[in-house]
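Per chain, numbering begins at 1; letters A, B, ... match sequence-line order. Just so we're clear, the structure is a prediction, and the values are computed from it rather than from any experiment. Side chains are part of it too, since the values below use all heavy atoms of this structure and drop only hydrogens, waters and symmetry mates.
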Amino acid sequence: MQAGNDIIASVDVTPLLADLNPAQREAVTAGPGPLLVLAGAGSGKTRVLTHRVAWLVGVEGLSPHAILAVTFTNKAAAEMRTRIERMLQHPVSGMWIGTFHGLSHRLLRAHWKEAGLPQGFQILDAEDQHRLIRRVLKGLNLDEGYWPPKQAQWFINGHKEEGRRPQQLPPTADPTQQQLARVYQAYEDTCQRSGVVDFAELLLRAYELLRDNEPLRTHYQGRFRHVLVDEFQDTNRIQYRWLEQFAAAHGNLFVVGDDDQSIYGWRGARVENILRFDRDHPGTRTIRLEQNYRSTGTILKAANHVIAHNSGRLGKELWTAGAEGEPILLYSAYTDLDEARFVVSRIEAWVAQGHPRASTAVLYRSNAQSRVIEEQLIQAGVPYRVYGGLRFFERQEIKDALAYLRLMASRHDDPSFERVCNQPTRGLGTKTLDTLREHAKSGNVSLWESAQKLLAENQLPARAATALKGFLDLIERLANETKGFVLAEQVEHMLSLSGLIEHYKKEKGEKAESRVENLEELISAARGFEHDEADGFDPLAAFLAHAALEAGEGEADAWEDCVQLMSLHSAKGLEFPLVFLTGLEEGLFPHQHSLQEPGRLEEERRLCYVGMTRAREQLVLSHAEVRRLHGQEHYTSPSRFLGEMPDDLIQEVRAAGTVTRSTAPESGAPAAGMRLGGRVRHETFGEGVVLHYEGQGPQARVQVNFESVGTKWLVVGYARLQTL
DNA sequence: GAATGCGAAGGCAGG
DNA sequence: CTTCGCATTC
């Protein structure tokens with residue numbers, strides 16, 4: 001390749017490669033063909049991806065148009081784009097950088113006809129999908145008690161993630177499966193009729209589009225000469241095949257991932273995708289990035305120990321050239337409140353040392369845990385920001401508003417019709433709606449069409465007819481009158497004409513007030529919304545897609561210097577000098593649901609690994625002996641993950657009393673009703689908490705932390721302990 | 001047809 | 001502990 005060398009020689013590649021280590025450099029400068037980069041946490045993964053793109057464009061002279069880069073989150077996509085543009089020092093508009101969902105959506109918008117969708121198709125989020133499934137179940141006369149919508153949702157999404165349509169389900173004699181298959185089919189029909197697609201459908205539909213449409217496939221394969229994928233360990237089966245559709249012709253598939261950070265098995269991710277990548281793609285070059293630039297040696301050592309308990313890994317051990325750093329701190333709290341206070345006091349001390357608040361993250365397994373910590377932060381007057389949870393575009397009032405906008409864009413959107421036809425109330429009751437649904441179902445048309453038809457044929461009672469006509473006219477009027485308006489004015493107009501904002505203004509209470517504020521915020525959001533005109537669809541459609549695909553930020557403004565609160569899942573890819581990993585308790589983390597299946601437990605362990613490796617300088621672990629969850633008090637035992645870290649790396653912090661670090665029970669309980677963290681009463685020592693036990697039956701010994709006399713080992717057979 | 005109040009059910013992670 | 005559906009009442 002004489003010519004190639006000439007090109008390379010003619011460009012000064014020094015700045016591009018200067019700050020890379022040998023492994024990173026090897027990945028960035030690799031030739032064509034499949035390449036797997038096993039990138040450990042903090043090993044410069046994003047750097048490799050962005051440098052690779054810069055290399056392809058800047059050195060190999062590839063057009064940005066020829067690059068397809070896929071990520072999982074919008075944030076990652078945005079960051080990648082920014083960094084690439086900074087490196088190349090000019091905008092790269094022709095490059096496709098986005099999430100699987102975002103890019104699929106783009107494809108489907110561009111080729112809606114070929115994909116068998118109406119032009120104005122709308123996107124269902126998880127909640128919309130849930131509601132629709134409930135409707136479908138009702139339509140099939142299935143009792144919700146017997147047929148939980150959640151189960152049907154799980155069934156449908158699970159199959160879609162595997163690429164299976166209702167007709168392609170494996171034959172089964174199981175009546176439950178058969179019934180669920182019918183639900184799946186009915187759901188699909190409803191979606192098709194209403195012109196809506198759920199998240200999984202975006203991917204599946206885009207994949208099928210390329211698979212079945214040869215000219216289109218050839219076109220895109222010809223255009224995208226290089227396909228790059230971030231977080232490859234989180235791809236599910238359909239995403240894997242989706243990628244193959246693009247890369248099959250040339251095999252230039254550059255995937256970056258870490259099997260130890262695969263944490264989305266519950267939504268269909270297949271670790272196997274990364275485990276078998278080199279077998280699926282002969283000639284794959286595998287490059288390991290094991291040097292970590294983020295955390296201290298202590299943190300890495302502990303994290304390596306934890307993850308070593310998993311089986312079937314590709315194998316990787318992080319190391320650092322940096323310092324050992326501070327020991328990991330462990331706080332055993334009495335209660336979740338105690339834990340929260342501890343966290344807040346450490347944060348205050350940290351901030352007092354001159355660190356910005358934003359250098360701190362509090363991580364937890366489930367979003368419900370944030371409340372207690374938030375309350376303590378508020379009390380201490382420490383600004384904070386919560387990621388995840390209920391996000392802007394998921395709020396009730398915002399979804400109401402969006403439903404109006406969606407109907408303006410697409411009349412046949414049944415879920416939106418159902419949502420707002422009587423919101424605010426305008427005299428459309430159950431009866432009328434039932435008639436509408438019945439009629440729509442039998443005629444296989446949308447609610448909108450069915451309403452028009454029933455009105456035209458005068459088949460409704462006068463009152464209902466007036467109300468219904470009022471609604472249809474309202475939507476038509478909104479759509480027509482606001483044509484040519486700028487987006488924000490469209491939204492504003494809709495809010496006042498529909499009576500929605502008035503409706504919430506009339507309501508009293510703090511909640512209603514914030515709803516009105518949110519609706520006003522929606523107008524601002526619309527005003528600030530920018531989209532690529534080149535996408536070829538109008539601003540309203542783009543805005544609606546944005547709302548569906550990017551649920552928006554949580555509370556608080558991003559500007560202020562504030563403590564970051566988030567679930568472990570949303571922490572992936574981020575890093576902070578000081579990290580709190582809270583709620584390390586059996587049943588919570590690892591989560592209860594994961595204890596049955598070994599595979600799930602390993603995923604929880606990976607989640608722990610992800611959490612630990614977020615910390616740059618200081619990692620603080622904590623667990624509570626008593627935790628209030630869902631209104632009930634639970635006595636808990638420390639997470640088994642704590643027992644998987646070497647003792648000498650951990651320093652315990654304890655205000656009073658001592659709690660020995662204990663691992664989860666390896667065998668059953670020593671006596672009836674006795675469990676780690678459970679409360680017991682002793683005749684002379686009083687009440688205490690079970691910390692440890694050994695053996696079973698009357699010879700079993702238990703360690704109890706008594707409130708009055710501290711920790712003692714007792715033999716169950718003699719101590720006559722009473723479980724409480 | 002709409003507002004109010006009660007009881008039951010759900011309860012993990014996210015695009 | 002919430003939220004949501006449902007029934008009762010206005």
Side-chain angles (χ1 to χ4, degrees), chain A residues 70-77 98-105 123-131 134 138 144-145 148-151 154 157 160-161 197-203 231 234-236 238-239 262-269 363-372 387-391 393-394 396 422-433 461 463-464 466-467 503 506-507 511 545-552 554 566-573 583 587-595 600 603-604 606-608 610-611 627-634:
Chain A
V70 196
T71 64
F72 269 82
T73 64
N74 295 300
K75 204 156 75 187
T99 62
F100 280 103
H101 292 91
L103 295 171
S104 295
H105 173 250
I123 301 166
L124 294 184
D125 69 11
E127 194 222 329
D128 299 331
Q129 187 188 34
H130 190 252
R131 291 167 82 111
R134 293 187 56 178
K138 220 167 224 169
E144 268 191 33
K150 271 256 148 53
Q151 183 197 15
W154 182 83
N157 289 337
K160 285 193 181 187
E161 280 153 8
V197 297
D198 57 49
F199 284 137
E201 183 74 24
L202 282 172
L203 298 177
E231 308 279 16
D234 286 330
T235 51
N236 61 35
I238 206 66
Q239 287 162 336
S262 167
I263 55 174
Y264 285 103
W266 51 273
R267 67 170 201 217
L363 310 184
Y364 34 77
R365 176 65 177 83
S366 71
N367 285 316
Q369 285 169 253
S370 76
R371 219 199 66 232
V372 193
Y387 284 75
L390 235 212
R391 282 173 297 198
F393 289 114
E394 291 168 357
Q396 182 193 304
N422 204 30
Q423 171 75 355
T425 48
R426 52 173 66 83
L428 275 172
T430 341
K431 189 83 198 303
T432 317
L433 255 175
R463 257 175 83 169
T466 318
H503 167 77
K506 272 205 314 245
E507 243 177 55
K511 221 175 191 170
H546 167 79
L549 292 169
E550 217 171 320
M566 67 190 80
S567 71
L568 284 156
H569 282 88
S570 28
K572 193 163 72 157
L588 183 63
F589 189 32
H591 197 273
Q592 197 65 46
H593 295 333
S594 69
L595 297 178
R600 295 249 126 179
E603 181 157 314
E604 296 284 306
R606 293 193 289 266
L607 199 50
C608 182
V610 166
R627 181 173 297 277
R628 278 184 81 86
L629 259 181
H630 312 304
Q632 277 198 319
E633 288 201 333
H634 294 273

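Inter-residue side-chain proximity for A/L549 and A/I123 is flagged as met; some heavy-atom pair is nearer than 4.5 Å. Residues A/L363 and A/S567 fail the side-chain proximity criterion, which asks for heavy atoms closer than 4.5 Å. Residues A/E550 and A/F393 are not in side-chain contact: their nearest non-hydrogen atoms beyond the backbone lie 4.5 Å or more apart.
One interatomic measurement links the two molecules: CD1 of A/I123 to P of B/dG14, which rounds to 19 Å at whole-angstrom precision. B/dA13 atom C1' lies 17 Å from atom CD of A/E127, rounded to whole Å. Whole-Å rounding puts the A/E144 CD to C/dC6 C1' distance at 12 Å. In this structure, A/R371 atom CZ and C/dT3 atom P are separated by 11 Å, rounded to whole Å. Between A/Q369 atom CD and B/dG11 atom C1' the separation is 13 Å, expressed in whole Å. One interatomic measurement links the two molecules: CH2 of A/W154 to C1' of B/dA13, which rounds to 16 Å at whole-angstrom precision. Between the CZ atom of A/R131 and the P atom of B/dG10 there is a distance of 17 Å, given to the nearest Å. For A/E633 and C/dC1, the CD to C1' distance is 13 Å, given to the nearest whole Å.
When each of B/dG1, B/dC12, B/dG15 is scored by its nearest atom to the side-chain atoms of A/T99, the top-ranked nucleotide is B/dG15. Considering only the side chain of A/H593, B/dC12 comes nearest among B/dC12, B/dG15, B/dA13. Nearest to the side chain of A/F199, among B/dA13, B/dG15, B/dG14, sits B/dG15. Out of C/dG5, B/dG1, B/dG15, the shortest distance to the side chain of A/A126 is found at B/dG15. The side chain of A/R267 approaches B/dG15 more closely than any other nucleotide in the set B/dG1, B/dG15, B/dA13.
Taking side-chain N and O atoms only, A/N367 has no distance below 4.0 Å to OP1 or OP2 of B/dG11. In terms of phosphate contacts, A/R426 brings no side-chain nitrogen or oxygen within less than 4.0 Å of OP1 or OP2 of B/dG1. Distances shorter than 4.0 Å separate none of the side-chain N or O atoms of A/T73 from OP1 or OP2 on B/dG14. For the OP1/OP2 pair of B/dG15 and a distance below 4.0 Å, the side-chain nitrogens and oxygens of A/R391 include at least one atom meeting the criterion. Between B/dG14 and A/K572, no contact under 4.0 Å exists linking OP1 or OP2 to a side-chain N or O. Between A/S594 and B/dC12, a side-chain N or O to OP1/OP2 separation shorter than 4.0 Å is absent.
Stacking of A/W266 onto the six-membered ring of B/dA13 is present: less than 5.5 angstrom between centres, less than 30° between planes. Taking the 5.5 Å centre cut-off and the 30° plane limit, the aromatic side chain of A/H591 is classed as stacked on B/dC12.
Note: A/H591 and A/W266 fail the aromatic proximity criterion, with ring centroids not under 6.0 Å apart.
Using a 4.0 Å cut-off between a side-chain N of Lys or Arg and a carboxylate O of Asp or Glu, A/E161 and A/R267 do not qualify as a salt bridge. A salt bridge does not link A/E604 to A/R600: none of the charged nitrogens lies less than 4.0 Å from a carboxylate oxygen.
Nucleotides of DNA chain C nearest to A/K138 and A/R628 differ in position, and the one nearer the 5' end is that of A/R628. Comparing A/N74 and A/R463 by the nucleotide of DNA chain B whose heavy atom lies nearest to each, the residue mapping closer to the 5' end is A/R463. Residues A/T432 and A/L203 both approach DNA chain B. Their nearest nucleotides, taken by heavy-atom distance, put A/T432 toward the 5′ side.
Contacts of A/S570 with the nucleic acid, taken as non-hydrogen atoms under 4.0 Å apart, involve only primed sugar atoms and P, OP1 or OP2. The residue A/N422 sits close only to the backbone: its heavy atoms come under 4.0 Å of sugar-phosphate atoms, none of a base. In this structure, A/F100 reaches neither bases nor backbone, as no heavy-atom distance under 4.0 Å exists between it and the strands shown. Nucleic acid contact class of A/R365 (heavy atoms, under 4.0 Å, all strands): base.
Between the side chains of A/Q129 and A/D198, at least one donor N or O sits under 3.5 Å from an acceptor N or O.
Atom name C1', nucleotides B/dC12 and C/dG5: the rounded distance is 24 Å, in whole Å.
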